[in-house]
Structures are given as structure tokens and as C-alpha cells.
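This report concerns only the one structure given below.
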Amino acid sequence: MRLVVDSDGGIDDAAAIVWLCGRPDVEIAAVTAVGGNVEVRQAARNLRIILEAAGRPDVPVHIGSDPTDPAPHIPRPTFIHGEDGLGDVGLPDPRRGADADTPAVEVLVREMRRGASVLTLGPMTNLAAAVRADAGAARSSRLTLMGGSARAEGNARPSAEANVANDPLAAATSLAAEWATPPVMVGLNVTHRATLRETEFDSLARRQTAAAAFLYGPLSFYRRNAGTLCAEGETPCHDLLAAMAAVRPDVLGVEVLPVEVDTGGSAAWGQTVVDLRQLAWRRFSPPPRPTPAGSGPDGNAGGTGAAVAVGLTVDVDYFRAAIRQLAGE
Ligand SMILES: [Ca+2]
């Protein structure tokens with residue numbers, strides 16, 4: 001498959017991109033940088049470092065934007081990704097001097113038109129700009145995103161995941177676009193279950209492969225604080241699971257459900273509101289459906305969000321085995 005990866009250059013982004021570079025069935029057409037964990041230029045620098053470490057310095061990195069739409073204030077997550085976005089382990093500058101000239105949005109539109117799939121691993125600012133620039137481009141493309149949650153849980157805010165919380169309007173715009181198939185949402189409800197344990201860290205620590213040697217330092221930094229919302233002793237690697245879902249759809253069990261993003265200024269600002277009621281209603285024929293949004297007798301919305309393939313279950317064994325394989329086991 002041909003893929004454009006839009007990333008904010010963090011530690012789990014690094015794991016995702018290194019894994020993708022090792023897949024013979026994936027052609028990475030381009031990587032586009034977005035601001036999120038770090039400012040966009042630092043994200044682009046990190047992405048060049050990651051691609052060089054993965055043996056793919058030829059993949060172009062295109063600069064996009066930092067989020068600009070109204071969003072809740074979220075401090076930079078330096079306690080998760082470090083000051084430099086890659087765990088402050090002293091990685092040398094990339095050997096390749098500059099980023100590619102073409103802006104990220106132009107590349108996204110071009111590649112979507114050509115039928116490439118899109119994988120977003122950061123705020124969806126670049127993608128929303130691409131959708132606004134060319135509303136028809138998404139029709140030829142498929143989207144997998146790391147973001148949101150099927151349930152009201154968050155990491156950047158009580159009920160908002162960081163990528164969506166950093167630019168809720170961009171997420172809403174991107175999900176509502178007309179894609180070839182419903183976008184695949186890889187949210188915290190699945191990424192908090194597909195985790196690295198002591199066993200996977202032990203595999204990486206042996207540094208038997210270039211991938212393990214590169215990822216072990218940053219992931220060890222990440223491990224200190226990234227797993228506070230997971231089971232004890234477990235560390236998520238959100239973007240890696242999203243990358244796997246883009247290439248190996250059966251790693252997730254999905255249901256197509258209406259999803260709306262809270263783009264207002266409320267306590268739930270940045271939450272992905274997934275209408276899980278539909279799962280229960282599907283047992284009935286015909287399913288009971290409230291009247292359109294907000295007008296039902298109980299005042300509840302009718303589930304009028306974008307149709308999204310929401311990841312609800314995850315093949316945790318495949319995820320962990322893939323990490324150990326990356327580490328040469
Ligand atoms: Ca990311």
C-alpha cells in the first residue's frame with residue numbers, strides 16, 4: 001500500500017515509522033510534519049532523524065503547520081516525550097540537511113488524489129487544511145488516525161485525547177470528509193490495552209537490531225510517565241498501533257458508528273463522542289432511532305456524527321509479537 005504519514009515527531013511516532021519502514025508491503029510516499037508534541041520544525045527534524053535511523057533517508061519530509069484553530073490550552077507534554085520530542089537522549093542531528101520544499105498540505109492533496117492512504121499520528125491540522133483545500137481528494141483515499149477514544153476518556157484532558165484536543169476542529173473536519181471508506185479511529189480505548197511490558201522492553205534492551213538500538217533509549221524515557229493510565233507496569237505505544245491498523249486491518253475489531261467531536265469550549269472540549277448506543281440498537285429490527293439531533297423527546301442527540309470505523313477490540317498478542325520481532329526475537 002502507498003501511504004502518507006502525518007506525524008508530530010514523538011517517541012511513539014518513531015516506533016510507528018520504524019515499523020512501517022520494515023514492511024515490504026508499505027511504500028511511504030512522504031512524511032508530513034505537524035506541530036503537537038513539539039513545534040512543527042522540531043517535529044520535522046525528528047522525522048528526518050527517525051527516517052535515517054530506519055534506513056530510509058530518501059523519504060521526503062514536508063513541513064506543515066502548528067495547530068491554529070481554537071483549542072483548549074494543553075501544556076507541551078515534555079514529561080512524556082522530552083524537550084526535544086524524542087526523549088532527550090542526545091540523538092545527533094540528521095545528516096540530511098533540509099526538508100522537502102513542497103508544503104505538507106499540497107503533498108497530502110496530491111497523494112490523496114492518487115489514491116494513497118493517510119495515517120495521522122498527531123493533531124489533524126494538516127489534513128483538515130488539505131480537506132478544506134480540495135474537498136474531493138478524500139474520495140480516492142482512506143484514513144487511519146490515532147486519536148480520540150470510543151469512551152469518554154482522555155490523556156491531555158479528562159475526556160480528550162491529545163491529538164484531538166490539540167485541534168478539535170481539524171479532527172471534526174477530517175472525520176466529516178467524504179472518504180472512500182469510513183476512517184479508522186484508533187483511540188485510547190484500544191491503545192491503552194495494546195501495551196509494552198517488561199518482556200518487550202527486555203527484547204529492545206538487547207539491541208539486536210538497528211530498530212531496537214534506536215528505539216530503546218527514547219522508549220525508556222517514554223516508559224517513565226506514558227503508562228500512568230494503563231495497567232501497572234505497562235506502557236502504551238499509541239501511534240504504533242495506529243500504523244499496524246493502517247497496514248493490517250485485522251489487528252483491530254471495528255464497528256462503524258457515528259462520531260462527533262466536541263469543538264466548543266466546554267469541559268468535554270476535544271472529546272470524540274462515539275454513539276455506542278447503536279451497538280445495542282442493532283439487536284432490534286427495526287432499530288429504535290431517536291428523531292434528529294437534539295430534537296428527541298429526551299433532548300438527546302440522535303447520533304448524527306460522521307460514520308467512523310471505531311476500533312473497539314485489539315489483537316494484543318499480535319501487537320506485542322510485532323515489537324519483539326522488531327527487536328530481532
Ligand atoms: Ca504522535
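In this chain, numbering begins with 1 at the start of the sequence shown. Just so you know, ligand 1 is whichever comes first in the structure, and atom 1 is the first atom listed for that ligand.
Considering all non-hydrogen atoms of both residues, A165 and P72 come closest at O-CD, 3.4 Å. Residues G10 and H81 share a closest heavy-atom pair of CA-ND1, 3.6 Å.
Counting heavy atoms of neighbouring residues, nucleotides and ligands inside a 6.0 Å radius, atom CD of Q325 does not exceed 12 of them.
Scored by the side-chain contact (heavy atoms from CB on, under 4.5 Å) test, S140 finds no partners at all (sequence neighbours excluded). Scanning for salt bridge (Lys or Arg N to Asp or Glu O under 4.0 Å) contacts around R282 gives E255, with sequence neighbours left out.
Excluding water, every protein N/O/S atom under 3.0 Å from the Ca ion (ligand 1) is given here by residue and atom: D8 OD1, D13 OD1, D13 OD2, L121 O, D239 OD2.
Pairs passing the salt bridge (charged side-chain N to carboxylate O under 4.0 Å, His left out) check and including a residue from residues 153-178, sequence neighbours excluded, read R139-E178.
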